[in-house]
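Input: a single structure, listed below in structure tokens.
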Amino acid sequence: FFFLTNVEKTAGKISSLVSMLLFIRFSILTVGFFIAVAASGIPLDKLSIMIGAVSVGIGFGLQTIVNNLVSGIIIAFERPIQVGDQIEVGNKSGVVKEIGVRSSTIKSYSGADIIIPNGDLLSLHLINWTLQDRNRRVEFGIGLPYDSDISQVKKIIEQTISKNEKILQTPAPEIILN
């Protein structure tokens, strides 16, 4: 069984509070480290060599973040996707809900929010079903017993299709028997 539930809003507030406390804690530890180094009398020229080596490692670690930021800027100017587009990226598909600087969010057809880094949107194969226009071709199969009157079935399907104003008449819908 599948069912939809509402996540309580307090969970989002608690999550942002935890993130803020983590940032404050990290800032206090960083300032404390520099105060301890200054108070201990360690020569800063020796420390600068070590900090330079650490900076190279941090640079390699930030490479994907910078890639995602630059990809976000490219997406903003090039506009290969827009909010409301139906897209497929890799094996994920859904409707674009939000386009951010670092990542974008799509709403899957099962209701989940999928956060995709903007670098993946540009580097993976992206299928945008609604880039040029909002019309889509939809195919579906209908199973019938072998002794069914095919002409009667086709007539019922044609009548049902003609009553639905969301189905375009040009190009005309096709009924193909398999």
Side-chain angles (χ1 to χ4, degrees), residues 2-34 47-141 161 164-174:
F2 294 100
F3 57 91
L4 299 175
T5 60
N6 289 328
V7 178
E8 293 185 27
K9 293 182 181 180
T10 56
K13 292 179 183 177
I14 291 172
S15 176
S16 63
L17 181 63
V18 169
S19 298
M20 189 184 330
L21 288 175
L22 180 65
F23 178 73
I24 291 171
R25 183 177 176 194
F26 179 73
S27 300
I28 290 172
L29 288 174
T30 303
V31 170
F33 172 76
F34 285 118
L47 188 62
S48 65
I49 293 171
M50 186 177 78
I51 291 175
V54 170
S55 297
V56 171
I58 290 173
F60 283 124
L62 292 176
Q63 186 175 8
T64 57
I65 293 174
V66 171
N67 177 25
N68 290 328
L69 290 174
V70 171
S71 297
I73 294 169
I74 291 171
I75 288 171
F77 286 108
E78 191 177 288
R79 299 179 61 87
I81 62 169
Q82 296 177 14
V83 174
D85 284 351
Q86 295 178 352
I87 65 169
E88 290 181 28
V89 180
N91 61 353
K92 296 171 181 36
S93 61
V95 177
V96 177
K97 184 177 172 184
E98 178 185 358
I99 301 172
V101 177
R102 190 194 64 80
S103 64
S104 298
T105 306
I106 64 172
K107 184 85 159 179
S108 73
Y109 298 117
S110 60
D113 286 339
I114 303 170
I115 300 171
I116 299 176
N118 287 335
D120 290 351
L121 289 174
L122 293 181
S123 65
L124 297 176
H125 293 286
L126 171 69
I127 300 172
N128 190 338
W129 290 98
T130 53
L131 180 64
Q132 297 296 324
D133 60 19
R134 297 287 177 198
N135 299 331
R136 272 193 77 187
R137 177 182 173 171
V138 178
E139 298 179 10
F140 61 94
I161 288 174
N164 190 336
E165 68 246 5
K166 291 184 180 180
I167 297 177
L168 298 176
Q169 298 304 315
T170 305
E174 285 186 61

Checklist entry - CD1 of Ile114 to OG of Ser103: how many Å apart, nearest 0.5 Å? => result 12.5 Å

Checklist entry - Between CD1 of Ile161 and CG of Leu168, what distance do you get to the nearest 0.5 Å? => result 12.0 Å

Checklist entry - How many angstroms lie between CZ in Arg79 and CD1 in Ile74, if you round to the nearest 0.5 Å? => result 15.0 Å

Item to check | For Ser71 against Gly119, the heavy-atom pair lying closest together | outcome: OG-CA, 3.4 Å

Checklist outcome for this item: d(Lys107 NZ, Glu98 CD) to nearest 0.5 Å is 12.0 Å

Item to check | Verdict with supporting geometry, Asn68 and Asn118, side-chain hydrogen bond (donor to acceptor under 3.5 Å, both in side chains) | outcome: CA-CA 5 Å; Asn68 290 328; Asn118 287 335; over 6 Å; no

Next on the checklist: Does Ile115 have more than 12 heavy atoms from other residues, nucleotides or ligands lying within 6.0 Å of its CD1?
Outcome noted: no

Item to check | Stepwise side-chain contact (heavy atoms from CB on, under 4.5 Å) check, Ile75 with Leu122 | outcome: CA-CA 8 Å; Ile75 288 171; Leu122 293 181; 4.0 Å; yes

Checklist entry - What do the steps show when you test Ile87 against Leu126 for side-chain contact (heavy atoms from CB on, under 4.5 Å), and what is the final call? => result CA-CA 7 Å; Ile87 65 169; Leu126 171 69; 4.0 Å; yes

Next on the checklist: Side chains of Lys97 and Asp113, heavy atoms from C-beta outward: is any pair under 4.5 Å?
Outcome noted: yes

Checklist entry - Counting N and O atoms only, with roles assigned by atom type, does the side chain of Thr130 sit under 3.5 Å from a partner on the main chain of Gln86, one being a donor and the other an acceptor? => result yes

Item to check | Tyr109 to Ser93 - nearest heavy-atom pair and separation | outcome: CE1-OG, 3.7 Å

Checklist entry - Does the side chain of Leu121 reach to within under 4.5 Å of the side chain of Ile116, using non-hydrogen atoms? => result yes

Next on the checklist: Check whether Asn164 reaches the backbone of Lys166 with its side chain - one donor and one acceptor, N or O, closer than 3.5 Å.
Outcome noted: yes

Next on the checklist: With a sphere of 6.0 Å drawn around CZ of Phe23, does it hold more than 12 non-hydrogen atoms of other residues, nucleotides or ligands?
Outcome noted: no

Next on the checklist: Within the 4.5 Å heavy-atom criterion, are Ile24 and Ser27 side-chain neighbours or not?
Outcome noted: no

